[in-house]
Trainee: 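Please find one structure pasted underneath; my questions will follow.
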Amino acid sequence: MHFPFSYEIIYSRRKTVAIQITRDGKVRIRAPYGCPRSFIDSFIRSKEDWVVKHLEKARSHPSPSRPPLSEEKRKHYVETARAVFTQKAAYYARIMGVTYGRISIREQKTRWGSCSSAGNLNFNWRLIFAPEAVLDYVVVHELAHRKEMNHSRAFYAVVESVLPDYRSSRKWLRDHGDTLWEAV
């Protein structure tokens, strides 16, 4: 199949296929090992309009080149994020009746948070520039994995039981998450 853009496929131990548009206007397809190329092509075809729209946006608003973040400033943001996420995780874990292991603050390029099978939580420090409701959503989302280690209906029912309006925060991340990379 031919598309009006080129793309790179990255295979990993994930369960779903996803499309990523980088800030510099590259298209990456993330897919599980063994995923048939015909399925990937069909998936891309179904999302072609979305990809083209976001590529045009990326190309018309190139990321300004900024001086690298100083180590001192990065450390400050990481410490701030650690305090925020430690407090929120403790609060929501009590409400949800779950436990968790350690909390790590990172700068993942493709994730806002994650929860390991051992219950360790990881959060992207750049989230501290998002609205408060979005931070709450990411924390509740990761803690919900302590009950459902998947993204099933049951999983989202857990999230919704704590944050009935979680969809607006999820939409904010989809629509505005790129701006968090430009916040500093």
Side-chain angles (χ1 to χ4, degrees), residues 1-66 68-69 74 77-78 81 85 101-130 134-135 137-139 141-146 148-153 155-156 159 167 169-184:
M1 282 189 164
H2 293 290
F3 297 100
F5 49 85
S6 59
Y7 59 90
E8 165 189 24
I9 300 175
I10 299 171
Y11 293 97
S12 65
R13 289 178 30 194
R14 61 182 296 126
K15 292 186 172 128
T16 59
V17 176
I19 299 175
Q20 175 190 17
I21 311 291
T22 66
R23 283 189 307 264
D24 57 349
K26 292 190 172 89
V27 179
R28 291 196 180 116
I29 310 301
R30 298 186 178 272
Y33 289 119
C35 184
R37 183 61 184 259
S38 59
F39 181 85
I40 293 171
D41 285 344
S42 172
F43 181 77
I44 295 169
R45 176 69 63 214
S46 73
K47 306 292 185 192
E48 186 174 342
D49 291 343
W50 180 90
V51 172
V52 168
K53 179 179 118 187
H54 283 80
L55 280 175
E56 287 170 358
K57 183 177 166 186
R59 290 176 183 146
S60 67
H61 297 94
S63 296
S65 57
R66 291 193 154 108
L69 191 61
R74 180 182 305 273
Y77 291 140
V78 168
F85 287 113
R102 73 176 186 282
I103 294 177
S104 296
I105 305 300
R106 300 192 175 156
E107 185 173 3
Q108 301 114 310
K109 298 291 184 198
T110 59
R111 289 183 174 193
W112 297 117
S114 62
C115 177
S116 73
S117 56
N120 295 322
L121 305 175
N122 300 302
F123 298 103
N124 192 316
W125 66 263
R126 290 182 180 269
L127 278 167
I128 62 173
F129 297 105
V134 172
L135 273 69
Y137 164 67
V138 173
V139 170
H141 179 109
E142 299 314 331
L143 289 171
H145 284 306
R146 299 298 291 142
E148 294 285 336
M149 202 60 173
N150 53 52
H151 289 114
S152 64
R153 282 192 185 131
F155 168 83
Y156 281 106
V159 173
R167 286 175 187 86
S169 293
R170 192 169 76 170
K171 183 178 182 334
W172 189 95
L173 277 174
R174 272 198 311 268
D175 295 346
H176 304 289
D178 295 358
T179 61
L180 298 179
W181 288 99
E182 300 161 5
V184 289

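Start at 1 with the first residue, then count along the sequence.
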Trainee: Tyr137 vs Leu173, test: side chain to side chain contact (heavy atoms under 4.5 Å, CB included). Steps then yes/no.
Mentor: CA-CA 10 Å; Tyr137 164 67; Leu173 277 174; 4.3 Å; yes
Trainee: Backbone N or O of Gly113 within a donor-acceptor pair of the Asn124 side chain at under 3.5 Å?
Mentor: no
Trainee: Would you check if Val17 and Ile44 make a side-chain contact, meaning some heavy-atom pair closer than 4.5 Å?
Mentor: no
Trainee: Please name the pair of heavy atoms, one in Leu55 and one in Gly25, separated by the smallest distance, quoted to 0.1 Å.
Mentor: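 So the minimum-distance heavy-atom pair works out to CD2-O, 3.3 Å.
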Trainee: Taking the six-membered ring for Trp, are Phe39 and Phe43 parallel (under 30°), tilted (30 to 60°) or perpendicular (over 60°)?
Mentor: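 Phe39 and Phe43: parallel rings.
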Trainee: Identify the heavy atoms of Leu127 and Leu135 that sit nearest to each other, and give their distance.
Mentor: O-CD1, 2.9 Å
Trainee: Tell me, do Trp50 and Ile19 make a side-chain contact under 4.5 Å, heavy atoms counted?
Mentor: yes
Trainee: Test of understanding: with side-chain contact (heavy atoms from CB on, under 4.5 Å), list the residues that count as partners of Arg13, not counting sequence neighbours.
Mentor: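 Counting only residues at least two positions away or on another chain, Arg13 forms a side-chain contact (heavy atoms from CB on, under 4.5 Å) with Tyr33.
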Trainee: Quick one: does Phe123's side chain get under 4.5 Å of Trp125's, heavy atoms only?
Mentor: no
Trainee: Which value, rounded to the nearest 0.5 Å, describes the distance between Glu142 atom CD and Arg111 atom CZ?
Mentor: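 Reported to 0.5 Å precision, the distance equals 8.5 Å.
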Trainee: Do Ile105 and Phe85 come close enough that some side-chain heavy atom pair is under 4.5 Å?
Mentor: yes
Trainee: Regarding Asp41 and Arg37, does a basic nitrogen lie under 4.0 Å from an acidic carboxylate oxygen?
Mentor: yes
Trainee: Locate the shortest heavy-atom distance separating Asp175 from Lys57; write the atom from each residue and the value.
Mentor: O-NZ, 4.1 Å
Trainee: Return the set of residues passing side chain to side chain donor-acceptor pair (under 3.5 Å) with Ser114 (not counting sequence neighbours), or none when no residue passes.
Mentor: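 In terms of side chain to side chain donor-acceptor pair (under 3.5 Å), with neighbours along the sequence ignored, Ser114 is linked to Asn122.
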Trainee: In chain order, what residues pass the ring pair (Phe, Tyr, Trp, His ring centres under 6.0 Å) check against Tyr156, with sequence neighbours excluded?
Mentor: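 Partners of Tyr156 by the ring pair (Phe, Tyr, Trp, His ring centres under 6.0 Å) criterion, ordered by chain and then number, come out as Tyr166.
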Trainee: Using a 4.5 Å cut-off on heavy atoms from C-beta on, say whether the side chain of Lys171 contacts that of Arg167.
Mentor: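 Answer no - side chains too far apart.
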Trainee: Mind checking what makes ring pair (Phe, Tyr, Trp, His ring centres under 6.0 Å) contact with His145, not counting sequence neighbours?
Mentor: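 His145 satisfies ring pair (Phe, Tyr, Trp, His ring centres under 6.0 Å) with His141, His151, Phe155 once adjacent residues are dropped.
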Trainee: Report the distance from atom CG of Leu121 to atom CZ of Arg102, rounding to the nearest 0.5 Å.
Mentor: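 Rounded to the nearest 0.5 Å, the CG-CZ separation comes to 9.5 Å.
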Trainee: Name all residues meeting the side-chain contact (heavy atoms from CB on, under 4.5 Å) criterion together with Arg153; count only those two or more places apart in sequence or in a different chain, and write none if there are none.
Mentor: none
Trainee: Would you say the side chain of Ser12 lies within less than 4.5 Å of the side chain of Arg30, judging by non-hydrogen atoms?
Mentor: no
Trainee: Ile10 versus Ile29: any side-chain heavy-atom pair under 4.5 Å?
Mentor: no
Trainee: Sequence neighbours left out, what passes side-chain contact (heavy atoms from CB on, under 4.5 Å) with Trp172? Give chain and number order.
Mentor: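 For Trp172, the residues satisfying side-chain contact (heavy atoms from CB on, under 4.5 Å) (neighbours in sequence not counted) are Ala130, Pro131, Val134, His176, Thr179, Leu180.
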Trainee: Would you say Val27 and Ser6 make side-chain contact, with heavy atoms under 4.5 Å?
Mentor: no
Trainee: Does Tyr11 have any ring pair (Phe, Tyr, Trp, His ring centres under 6.0 Å) partners at least two apart in sequence or in another chain, and if so, which?
Mentor: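 Partners of Tyr11 by the ring pair (Phe, Tyr, Trp, His ring centres under 6.0 Å) criterion come out as none, since no residue qualifies.
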Trainee: By salt bridge (Lys or Arg N to Asp or Glu O under 4.0 Å), which residues pair with Glu8, not counting sequence neighbours?
Mentor: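 Listed in chain order: Arg28.
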Trainee: Could I get the full list of side chain to side chain donor-acceptor pair (under 3.5 Å) partners for Lys47, not counting sequence neighbours?
Mentor: none
Trainee: Go through the steps for Arg14 and Thr16 under the test side-chain hydrogen bond (donor to acceptor under 3.5 Å, both in side chains), then give the verdict.
Mentor: CA-CA 6 Å; Arg14 61 182 296 126; Thr16 59; 3.2 Å; yes
Trainee: Looking only at heavy atoms, which two atoms of Arg146 and Cys115 are closest? And how far apart?
Mentor: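 Smallest interatomic distance, heavy atoms only, reads CD-SG, 3.7 Å.
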Trainee: Only counting residues at least two apart or in another chain, list the ones meeting salt bridge (Lys or Arg N to Asp or Glu O under 4.0 Å) with Lys26.
Mentor: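 Only Asp24 meet the salt bridge (Lys or Arg N to Asp or Glu O under 4.0 Å) criterion with Lys26.
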Trainee: List for me each residue that meets salt bridge (Lys or Arg N to Asp or Glu O under 4.0 Å) alongside Arg106, sequence neighbours excluded, and say none if there are none.
Mentor: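 Here no residue qualifies.
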Trainee: Would you please name every residue forming a salt bridge (Lys or Arg N to Asp or Glu O under 4.0 Å) with Lys53, sequence neighbours left out?
Mentor: none
